[in-house]
There are 2 protein chains.
Amino acid sequence: MNKQIDKQAAQKLAQAMGDECIAFRVRALNRIVTNLYDAALSPLNVTVNQATMLIMLSLVGEATPGRIGQVLIMEKSTISRNLDRMKKQGWVETAGRDGGKEQVVRATPAGRTLLVALHPIWEAAQKQVAEFLGSKGVSAVHTLHEAVRKKHPV
Amino acid sequence: MNKQIDKQAAQKLAQAMGDECIAFRVRALNRIVTNLYDAALSPLNVTVNQATMLIMLSLVGEATPGRIGQVLIMEKSTISRNLDRMKKQGWVETAGRDGGKEQVVRATPAGRTLLVALHPIWEAAQKQVAEFLGSKGVSAVHTLHEAVRKKHPV
DNA sequence: TGGTATATGTTGTATATACAACCAGTAATT
DNA sequence: AATTACTGGTTGTATATACAACATATACCA
């Protein structure tokens with residue numbers, strides 16, 4: 001008659017949630033994949049997140065922070081601080097008033113050099129992860145990305 | 001003849017990497033899914049990560065921090081700090097010397113009460129995410145989780 | 001039984017992340 | 001033109017995360 005539920009009932013609820021939870025699965029996958037890439041990239045002193053941003057910038061030439069956030073699906077404050085770290089490393093630079101509105105960010109020559117060094121390591125990591133996930137897993141990732149892009153068009 | 005590669009070459013490399021990169025896709029998905037759940041759970045002042053840990057603990061009754069890390073695929077130091085926050089909220093407690101070896105963690109009555117409140121909200125979030133990902137996306141998540149569990153058996 | 005090795009947890013440090021609050025330009029309206 | 005609304009960026013604060021270094025307890029072995 002008390003308000004506390006017993007452990008049995010809690011377990012039943014937990015079972016229901018744990019059996020299906022998408023968040024847990026996606027988050028665990030994220031940890032594994034991120035750690036694999038980060039370990040591979042650590043000799044270059046770059047993280048997979050930073051690599052992603054550099055790749056994106058090299059692809060489009062230059063972009064405002066806001067645009068970067070749109071494409072990479074990241075919150076603007078996250079972009080702001082990630083760019084700070086990359087600037088400190090000398091991989092990207094800002095044109096126009098720093099901190100000002102509509103500033104433009106682009107990769108530096110050093111950033112492009114890093115990109116070249118990145119390529120084989122990225123390939124190895126990608127291969128390792130693909131092996132980990134299996135071919136079905138890899139297609140599953142692309143399936144999911146399609147769903148994401150439908151809601152977050154570039 | 002300089003060592004710097006030109007922007008064209010950089011763009012080509014970037015294209016190759018961006019087109020296929022599993023890490024970017026998984027990480028973006030993680031951000032989206034995590035944010036959706038966290039937004040839904042915020043009225044309860046709990047995060048999806050904390051909810052996951054609470055669910056897991058309720059499911060198994062009790063576990064050492066190390067065991068929690070095994071099951072949830074989290075680094076031990078991450079577990080340590082996440083548990084700190086949950087203890088501060090009163091949702092979990094430790095039996096045995098706190099900080100000592102082989103301590104046991106379990107949900108408190110307050111934790112189980114939270115679990116009950118969690119259930120409908122979790123269901124709504126899960127539904128929302130399932131809709132976002134589509135049925136194909138949801139199966140893709142489960143496919144990926146199978147791959148993960150093959151390498152990280154519980 | 002004493003000493004070393006191993007397993008388990010915590011703490012220092014750093015990145016990634018987001019929300020809220022804030023600040024500074026730009027645009028819109030009257 | 002002046003005031004207001006909006007847009008884009010940064011900063012305060014908090015969680016999640018991991019690696020390295022450390023502390024401690026348990027186990028093993030000589």
Side-chain angles (χ1 to χ4, degrees), chain A residues 23-24 26-54 63-70 72-89 91 94-105, chain B residues 23-24 26-54 63-70 72-89 91 94-105:
Chain A
F24 162 58
V26 166
R27 289 170 56 77
L29 178 67
N30 176 62
R31 285 191 293 273
I32 292 169
V33 170
T34 297
N35 290 347
L36 262 163
Y37 278 83
D38 276 348
L41 295 176
S42 69
L44 295 181
N45 205 34
V46 67
T47 65
V48 67
N49 170 62
Q50 291 164 359
T52 300
M53 294 183 73
L54 186 61
T64 64
R67 178 65 182 150
I68 299 176
Q70 252 182 347
L72 301 185
I73 316 175
M74 282 185 202
E75 216 271 337
K76 60 184 181 173
S77 66
T78 303
I79 295 288
S80 183
R81 284 183 241 248
N82 287 351
L83 284 177
D84 279 350
R85 286 184 276 264
M86 296 180 73
K87 278 185 218 169
K88 210 182 303 173
Q89 299 284 340
W91 298 325
T94 297
R97 256 178 336 294
D98 205 88
K101 205 175 172 176
E102 291 285 324
Q103 68 188 251
V104 179
V105 185
Chain B
F24 162 59
V26 166
R27 288 171 56 77
L29 178 67
N30 176 62
R31 285 191 293 273
I32 293 170
V33 170
T34 297
N35 291 346
L36 262 164
Y37 278 83
D38 277 346
L41 295 176
S42 69
L44 295 181
N45 204 35
V46 67
T47 64
V48 67
N49 170 62
Q50 291 163 1
T52 300
M53 293 182 74
L54 187 61
T64 64
R67 179 64 182 151
I68 298 174
Q70 253 183 346
L72 302 186
I73 317 176
M74 281 183 203
E75 216 272 336
K76 60 185 180 172
S77 66
T78 304
I79 295 289
S80 184
R81 286 183 239 248
N82 287 351
L83 284 176
D84 279 351
R85 286 184 276 264
M86 296 180 72
K87 278 186 220 170
K88 209 183 303 173
Q89 300 284 340
W91 297 326
T94 296
R97 256 177 336 294
D98 206 87
K101 206 174 171 175
E102 291 285 325
Q103 69 189 250
V104 179
V105 185

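So you know, we letter chains A, B, ... as the sequences are listed, proteins then strands, and number each from 1.
Atom-to-atom distance recorded for B:Asn30:CG and A:Leu29:CG is 8.5 Å, nearest 0.5 angstrom. Separation of atoms CD1 (B:Ile79) and CG (B:Asp84) is listed at 11.5 Å; rounding is to 0.5 Å.
Counting any heavy atom pair closer than 4.0 Å across all strands shown, B:Arg27 reaches sugar-phosphate atoms only and no base atom. Backbone-only engagement by B:Asn35 is indicated by non-hydrogen atom pairs under 4.0 Å involving sugar-phosphate atoms exclusively. At a threshold of 4.0 angstrom between heavy atoms, the contacts of A:Arg31 are confined to the sugar-phosphate backbone, with no base atom among them. Contact annotation for A:Thr64: backbone-only contact, meaning every heavy-atom pair under 4.0 Å involves sugar-phosphate atoms and none involves a base.
Closest-nucleotide positions on DNA chain C for A:Glu102 and A:Thr47 were compared, and the one nearer the 5' end corresponds to A:Thr47. Residue order along DNA chain D, read from the 5' end via each residue's closest nucleotide, puts A:Gly66 first among A:Gly66 and B:Gln50. Between A:Pro65 and A:Ala39, the residue whose closest nucleotide on DNA chain D is further toward the 5' end is A:Pro65.
With B:Gln89 contributing its side chain and B:Trp91 its backbone, the two residues share no donor-acceptor pair below 3.5 Å. At distances below 3.5 Å, at least one donor-acceptor pair connects side-chain atoms of A:Arg31 with backbone N or O atoms of B:Ile73. Side chain of A:Thr52 to main chain of A:Val48: a donor-acceptor pair is present (N/O by atom type, distance under 3.5 Å, no hydrogens or angles).
The distance between atom CD1 of B:Ile68 and atom P of C:dT8, rounded to the nearest whole Å, is 13 Å. In this structure, the CG atom of A:Asp38 is 10 Å from the C1' atom of C:dA16, given to the nearest Å. If you measure from atom CG of B:Asp84 to atom P of D:dT17, you get 14 Å, rounded to the nearest angstrom. A:Lys88 has its NZ atom 10 Å from the C1' atom of C:dA14, to the nearest Å. For the pair A:Gln89 CD and C:dA14 C1', the computed distance is 12 Å after rounding to whole Å. One can place CG of B:Leu72 at 13 Å from P of D:dA16, the figure rounded to the nearest angstrom. Residue A:Arg85 contributes atom CZ, which lies 12 Å from atom C1' of D:dT17 at whole-angstrom precision. The distance between atom CG of A:Leu54 and atom C1' of C:dT15, rounded to the nearest whole Å, is 17 Å.
Among C:dG9, D:dA16, D:dG9, the nucleotide with an atom closest to any side-chain atom of A:Gln103 is D:dG9.
Residues that satisfy the side chain to side chain contact (heavy atoms under 4.5 Å, CB included) test with A:Arg85, not counting sequence neighbours, are A:Gln50, A:Arg81, A:Asn82.
Contact of the A:Met53 side chain with the A:Leu83 side chain is registered, since non-hydrogen atoms from C-beta on lie closer than 4.5 Å.
For C:dT15, neither phosphate oxygen OP1 nor OP2 lies less than 4.0 angstrom from any side-chain nitrogen or oxygen of A:Asn49.
Annotation: proximity of residues 74-83 of chain A to DNA chain C (heavy atom, distance under 4.0 Å) is found for A:Met74, A:Glu75, A:Ser77, A:Thr78, A:Arg81, A:Asn82, numbered in ascending order.
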